[in-house]
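What follows is a set of notes on a single structure, which appears directly below.
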Amino acid sequence: MKSGHILGIALQTAFAVVVVVASDPETVARREREQQQLLERDDLVSDEFIRGEDGQHDARTVDGSSTVGAANLSTTDGESVAHSEAWTHEPVCTEFLGELDSPLCVYTNSSFSEGRGISIFTTPKIADEIASLLPFQDAAALSSRGINVATDTWYTKEIPGKGMGMMAKHDLQRGELLTVYTPFLLAHTENILNTTEREKYLQIGLSQLPKQSQEQYRALAKIYHLPEVVVQDVVKANSFEMHLGGQMHLAVFPESSRLNHACAPNAQYYLDPDLLTHVVHAVRPIAKDEEITISYTTPYEPFSVRQKYLEKAFHFTCSCSRCQEGAATDSGLVEIHNLQESLGNWGADSTASVKKAERLVKVYEQEGLDAFLDNAYGHAALMYNSVGSIRGAQKYARLAAEAASLKQGPDSSDVKFWLELVENPQEHSSWKRRKVDREL
């Protein structure tokens, strides 16, 4: 295989969830205990952020001292924080945090993307890096790319037992763009501030957004339903991870937050940090009025593991088509594991074959794992190339590139890898690496 490339399973961690209303006494009692413990905790874990109140805030430190009009903002310990023209409000900062070697500050641009707005809770250094990105340098960068523009492919409605969901407005085809939006809120995944203190800054960030954006944010799903930590509750229930400035941040995209989970999703997403966007495409035909779903966890885990994870992390019991069949679907996962292990063995004792590669693709489709077909297509491309079949290698390399583009973005390294194989299959290290397959 080409140096530096490993064909593996990419695990995307989405923190969007659906709140299930519990009615049995035992579950209600447990949720009440969790709520009380939440308020008593000294702090929340980094992905348990939480909404804000109306009202404009002067640039100031949290002790109330105003710094309006200052070129630099001082934190509570006197450190200076520069104010960039990228922000419509003066930054509001914590004291200097030794663990980060920096304060954390709220940065807002209420006119971002033609008035959509964005607030970011991060370090001054990372804020400067974000401010240098194209969306802050070119006012037309987003709209000219169709970002934050309605695609007219979906609508939302209340779904019994799930809350709000996203539905197909008309029949959709694989590869069709569904949503592409920037976040309202980005928050550094620190675990230093206590819950109350973090909430104070996130409320400032939310309150500085345009009123319509504030209302959209507040209408999103919540887990704990505690007024004291509403901003963080929305983050916990709806955020996606985005890597910026070498640090993970949690991002809330209101439109994308309406996507519910399924273990056999009909849509796939990726995040583009350079454009601060969350992009969703259909991965198989979706009928009009069918729910559009993504996966919140790896679909390769057994039924019981997926159920436990989703209940613990997102507070709901999955009832998607795969989970309705229970542990019966685990046999398909075992077959996928065994086939991929065989096809990934490049030793002299390998039992890999074209037949196994074709079977792998079929099992992925049977299990409804269309959103993850890049793995199956990639194995098939390399298998065909290893027995000297240019036509087969190019066919599956093209399919792998297309599938990887839906999952990782068109500029990802995997897409480039598979397109290189399409162009020069004979120059790849897998070319005729295996003995000619007798099944060809």
Side-chain angles (χ1 to χ4, degrees), residues 1-12 173-176 264-268 270 279 281-285 298-300 332-440:
M1 297 178 70
K2 189 173 182 178
S3 175
H5 179 83
I6 299 176
L7 182 63
I9 298 169
L11 305 182
Q12 297 185 355
Q173 301 303 314
R174 177 177 172 85
E176 192 163 348
N266 54 24
Q268 180 61 284
Y270 67 85
V279 187
H281 292 88
V283 293
R284 62 172 175 263
T298 168
Y300 302 99
L333 297 177
V334 171
E335 185 175 7
I336 286 174
H337 171 78
N338 291 338
L339 287 169
Q340 291 186 158
E341 189 173 64
S342 176
L343 292 165
N345 180 4
W346 292 86
D349 62 340
S350 175
T351 60
S353 67
V354 165
K355 184 177 181 180
K356 286 186 176 181
E358 293 286 357
R359 175 61 185 168
L360 180 63
V361 173
K362 186 174 182 179
V363 177
Y364 263 77
E365 293 172 342
Q366 289 175 342
E367 293 297 316
L369 301 180
D370 307 76
F372 307 91
L373 271 168
D374 57 312
N375 294 306
Y377 290 150
H379 277 297
L382 295 176
M383 183 63 232
Y384 272 103
N385 208 48
S386 72
V387 296
S389 173
I390 293 178
R391 183 177 179 180
Q394 290 180 326
K395 170 188 172 180
Y396 281 108
R398 286 192 186 94
L399 288 171
E402 182 264 350
S405 178
L406 299 181
K407 191 169 81 172
Q408 302 168 25
D411 298 323
S412 71
S413 59
D414 276 9
V415 172
K416 294 175 182 177
F417 174 85
W418 295 120
L419 291 179
E420 286 176 6
L421 184 61
V422 171
E423 291 298 318
N424 301 295
Q426 293 170 291
E427 294 182 15
H428 191 267
S429 60
S430 64
W431 175 250
K432 290 187 176 181
R433 183 168 169 176
R434 293 185 168 113
K435 292 181 180 179
V436 175
D437 194 319
R438 295 176 182 175
E439 297 169 280
L440 278 174

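One N or O on the side chain of Ser412 and one on the backbone of Gly409 form a donor-acceptor pair closer than 3.5 Å. Of the possible donor and acceptor atoms, one in the side chain of Glu176 sits under 3.5 Å from a partner among the backbone N and O of Gln173. Side-chain atoms of Gln268 do not come within 3.5 Å of backbone N or O of Leu406 as any donor-acceptor pair.
Salt bridge absent: Glu365 and Arg284 never bring a charged side-chain N and a carboxylate O closer than 4.0 Å.
Classified by interplanar angle (parallel below 30°, tilted 30° to 60°, perpendicular above 60°), the ring pair Tyr270/His281 is parallel.
Judged by the 6.0 Å and 45° rule, Arg398 forms no cation-pi pair with Trp418.
Residues Leu421 and Ala397 approach most closely at CD2-CB, 3.9 Å, considering heavy atoms. Scanning both residues, Ala267 and Ala371, for their nearest heavy atoms gives O-CB, 4.1 Å. Across all their heavy atoms, Val361 and Tyr377 have their closest contact at CG1-CE2, 3.9 Å. Closest approach of Ser429 to Arg433, counting heavy atoms only: O-CD, 3.9 Å. Between Lys356 and Ala352, the shortest heavy-atom distance links the atoms CD-CA, 4.5 Å.
Phe417 and His428 have their aromatic ring centers within a separation under 6.0 angstrom. Between Tyr364 and Phe372, the ring centre distance reaches or exceeds 6.0 Å.
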Apply side chain to side chain donor-acceptor pair (under 3.5 Å) to Ser386 and Ser430, showing your working.
CA-CA 5 Å; Ser386 72; Ser430 64; over 6 Å; no
Under the criterion side chain to side chain donor-acceptor pair (under 3.5 Å), I'd like the reasoning laid out for Gln340 against Tyr300: C-alpha separation, chi angles, the key distance, then a yes or no.
CA-CA 12 Å; Gln340 291 186 158; Tyr300 302 99; 5.3 Å; no
